[in-house]
Amino acid sequence: MKLTHRSSEKKVNGRNNNIDFSDPNIKIIALAGNPNTGKSTVFNSLTGLNQHTGNWAGKTVTHAKGSFYYRNQHYVLVDLPGTYSLLANSVEEQVARDFICFNQPHATIVVLDATCLERNLNLALQIMEITPHVIICINLLDEAQRKGYFIDLNSLNIQLGVPVVGTIAREGKGLEHLKDITYQVVNNLITPKPAKLIYSSDIERTLEKITPQLEKLLGERINARWVGLRLIDGDQSLLNAIYEHIDTFPELKKESEVLKHYGETKQSNILG
Amino acid sequence: MEHELHLCDLPVGSIGKVTRLLAIGLPRRRMLDLGLIPGTKIECVRRSPLGDPTAFHIRGAIIALRYEESQQILIKPL
Ligand SMILES: Nc1nc2c(ncn2[C@@H]2O[C@H](COP(=O)(O)OP(=O)(O)O)[C@@H](O)[C@H]2O)c(=O)[nH]1
Ligand SMILES: [Mg+2]
């Protein structure tokens, strides 16, 4: 892993990125969240001066990467663009989605604004649909307290099925705990089990039909249920991204037309 | 349904409750991501000088919607 000025010239969200995913000694951690939740503050306090900014390959969206050590473990932290959603309505959302979906970080920390949880949980739930390796960081707890909100972290942890850490990033509070939980997740000492979202019966029935086939096509690498949901949504941009990343998924290439067919027929069945 | 209005017709300062979204596909998805699901309270905060876009208070955040969007959202004034 090199953090040099050259890294911005390389492909970050593809096969040729400068993050060495094969190095078993490096754990890749993505940092996601709505805008203004304190993501950069968390990022800065964890990585200090050990960071580097650049652009995502071919995109005008900036990214920051940094590294830190915790308990003799080398971590690379990737600050994803702040978004309300991952359903690729914008380049930012696409970049964040592709990183989580195709680069498969060892863990994703989702930073939430404690004063605006309802809005922020939308993104957290979307990420939990893509990957189980999620840690929820509820930041701005001081602001929440000022507004008289009590955040029941324990109950959130139980209901969401993933670890929940409370922080006041600006004061550095809770960040040691966040690192500790991250350590436990990437070393399989904690296994997050995200609560499954159940959709209406017509959607669930369609998923029942297509998920087994998608599992065959996608293997363990991308969550088949989530891809199924996107196909039902008619999300062409995910299909395009799957094609783009197909060199990392050779087994998918010959079947990609089948996926496309699903997208078209399910979209017209359900929305048409 | 009685008293259903398009969100674009909600006067500044008044509050409504989302009843239906007319949009489909990505625009619909974007509305849902902004928190506009049926039953959601929405307040018209102010209109820009040219009448578009308009700022709404939705689930703890002020969000500007364009006419094409607010026209696709049906509400019941409260
Ligand atoms: N009161 C308070 N402010 C915070 C906290 N964390 C971050 N901030 C402030 O929130 C603002 C946005 O933070 P930033 O890290 O840039 O958010 P980002 O958009 O998610 O990257 C900045 O002014 C931070 O100083 C916190 O825990 N409490
Ligand atoms: Mg930031």
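Fair warning: this is a prediction, and the values are worked out from it, not measured in the lab. Chain letters run A, B, ... following the sequence lines, proteins first and then strands; every chain starts at 1.
Contact of B:I37 with chain A is not made at all, since no heavy-atom distance falls under 4.5 Å.
Taking CG from A:N122 and CG from B:D33, the interatomic distance works out to 5.0 Å, rounded to the nearest 0.5 Å. Separating the OG atom in A:S85 from the CZ atom in B:R30 is a distance of 10.5 Å, to the nearest 0.5 Å. Residue B:I63 holds its CD1 atom at 5.5 Å from OH of A:Y84, rounded to the nearest 0.5 Å.
Summarising the local packing, OH of A:Y199 is surrounded by more than 12 heavy atoms from other residues, nucleotides or ligands at distances under 6.0 Å. The neighbour count for B:R47 CZ, taken as heavy atoms of other residues, nucleotides or ligands under 6.0 Å away, is above 12. Atom CD of A:E204 has more than 12 heavy atoms from other residues, nucleotides or ligands within 6.0 Å.
Minimum interatomic distance between A:C116 and B:G60 (heavy atoms only, all atoms of both residues): SG-O, 4.0 Å. When all heavy atoms are compared, the tightest approach of A:R119 to B:L34 is NH2-O, 3.1 Å.
Put simply, the side chain of B:R59 never gets that close to the backbone of A:E118: no donor and acceptor are under 3.5 Å apart.
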